[in-house]
Amino acid sequence: MTAVELPQGRPLQALPVRRIRVRARVRARQILCLVPLLLVTVVAVRHRSVLAEGFGHLRHAEWPWLVVAAGTTCLTWVAASFTRQGAVVQRLPGRRLLATQFAAGAANHLLPTGLGASAVNLRFMTVCGVPLARSSAALALYLLAESVGRLTLLAVLFVAFPDALHLGALLPDAAVGPLLLGLGAVVMVAVGVLTGVRRVRTAVGSFLRTALCEARAVHSRPARALALWGGSLAFPALQAAGLAAVGQALGLSVPPVHIALAYLAATCAVALVPTPGGVGSVEAALVVALVAAGGPAAVATAVVLAYRIITVWVPLVPGALTLGALVRLKVI
């Protein structure tokens, strides 16, 4: 057989796989920057009637009190930043932490049951170099501290002003039975899963050990403990003060302390309702709570709509823009 020499051309060049991957990641980040704005648009269109009515009430309000409400809303992001820093031993960059809380507020109103804010903060701590196990433990500690702070304020105000709120109007007797049955079913399912599934039991045990070690480390530093518990108390107090300021702006005939008590009771009552940012459920619970505190239904509705405009809808677009910018800058 005679060997035939094939013509030699240019050698095949290896595909720039790394460059393609980098371009794909850049495009993915560009798309993620637009997702928050698209979600804001969808939510705003779905609740356009609420927005129109809320802005209508704001036109007839006393502006100094609305400025106070806006100021307390801004301070809630500062309080959240202190609580987030207090939940982790490692020092987080202050400015980026504050910007992340502002962006997390927008994400929290776009996803149900606080998943948006949790995901944003978990990603932020991971980018800052906190291991995933420790950042998850810090997130759980934050949620626990925030819940304890809210319940503590509610208990203190309820003991100080026992006649300020009629709980029967906020939680009818017909709803107590189904609520207890639902909670009991959830507890039974959780216990059954932990007992029967070894892998889940091992994972939960490992997480609890990490969380306890992180909690001990945090509380061994007075500055971290003060930031954690001070922020967890200040956050719901500022939210309640914002609602009281809006009540004063619209002439609600309920004492400010009673309005704060109504707010804390309503937000605790709807804590397990899986709606994005509590949109819909929080409004209904707040109106019922303010009526239970002695306010007229029409004025209470106006106060709640105006309050949600200030605390939810006005910061939503700049918060979504901040979220997109943080994604683009690889802060989260």
Side-chain angles (χ1 to χ4, degrees), residues 21-44 70-143 145-146 214 224 227-228 231-232 234-235 238-239 275-279 308-332:
R21 290 178 179 176
V22 171
R23 290 179 179 177
R25 290 176 182 175
V26 171
R27 290 178 181 177
R29 285 187 174 275
Q30 291 175 347
I31 294 174
L32 286 175
C33 292
L34 298 176
V35 169
L37 290 177
L38 293 176
L39 292 176
V40 169
T41 303
V42 171
V43 174
T72 57
T73 300
C74 295
L75 289 176
T76 57
W77 302 317
V78 178
S81 300
F82 274 95
T83 312
R84 297 286 183 185
Q85 177 61 85
V88 63
V89 175
Q90 180 176 333
R91 184 173 180 82
L92 302 174
R95 294 180 180 178
R96 282 184 284 171
L97 177 60
L98 181 59
T100 301
Q101 300 319 301
F102 182 50
N108 201 43
H109 295 305
L110 300 175
L111 295 176
T113 60
L115 293 178
S118 299
V120 169
N121 281 283
L122 192 64
R123 176 61 182 169
F124 172 69
M125 287 186 287
T126 303
V127 172
C128 290
V130 183
L132 182 59
R134 290 177 54 198
S135 58
S136 301
L139 180 62
L141 182 58
Y142 169 86
L143 295 175
E146 202 275 334
E214 191 70 16
R224 292 290 186 270
L228 175 66
S232 64
F235 184 76
L238 288 168
Q239 289 180 320
T275 58
V279 174
R308 296 291 278 178
I309 288 290
I310 294 173
T311 59
V312 176
W313 296 105
V314 171
L316 199 55
V317 172
L321 291 174
T322 303
L323 180 60
L326 293 177
V327 172
R328 188 176 184 84
L329 296 174
K330 299 182 181 180
V331 175
I332 58 176

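Because the structure is predicted, anything quoted here is derived from the model rather than measured.
The side-chain heavy atoms of Thr100 and Val120, taken from C-beta on, include a pair separated by under 4.5 Å. Looking only at side-chain heavy atoms (C-beta outward), Pro93 and Phe124 come within less than 4.5 Å of each other. Here the side chains of Glu146 and Thr83 are not in contact, with every heavy-atom distance at 4.5 Å or above. Residues Ser118 and Tyr142 are not in side-chain contact: their nearest non-hydrogen atoms beyond the backbone lie 4.5 Å or more apart. The shortest distance between side-chain heavy atoms of Thr73 and Gln239 does not fall below 4.5 Å. Annotation: side chain of Arg134 is in contact with side chain of Val89 (closest heavy-atom distance under 4.5 Å).
Between Asn121 and Ala104, the closest heavy-atom pair is ND2-CB, 3.7 Å. Scanning all heavy atoms of the two residues, the minimum distance from Val130 to Ser135 falls at CG1-N, 3.7 Å. The two atoms that bring Phe235 and Thr76 nearest to each other are CD1-O, 3.4 Å, heavy atoms only. Smallest separation of non-hydrogen atoms from Ala227 and Gly86: CB-CA, 4.0 Å. Between Val88 and Leu92, the shortest heavy-atom contact is CG1-CD1, 3.8 Å. Taking both residues in full, the closest heavy atoms of Ala138 and Ala87 are given as CB-O, 3.3 Å, listed atom of the first, atom of the second, then distance.
Residues passing the side-chain contact (heavy atoms from CB on, under 4.5 Å) test with Ala145 are Leu228, Trp229, Ser232, sequence neighbours excluded. The side-chain contact (heavy atoms from CB on, under 4.5 Å) test applied to Arg91 returns Gln85, Arg224, not counting sequence neighbours.
No more than 12 heavy-atom neighbours from other residues, nucleotides or ligands sit within 6.0 angstrom of CZ on Phe82.
Note that CG of Leu326 and CZ of Arg123 are 12.0 Å apart. Values are rounded to the nearest 0.5 Å. To the nearest 0.5 Å, the span separating OG1 on Thr126 from CD1 on Ile332 amounts to 11.5 Å. Remark: Thr322 OG1 to Gln101 CD distance equals 12.0 Å, nearest 0.5 Å. Taking OG1 from Thr311 and CG from Leu238, the interatomic distance works out to 12.5 Å, rounded to the nearest 0.5 Å.
Without hydrogens or angle criteria, Gln90 side chain to Cys128 main chain gives a donor-acceptor distance under 3.5 Å.
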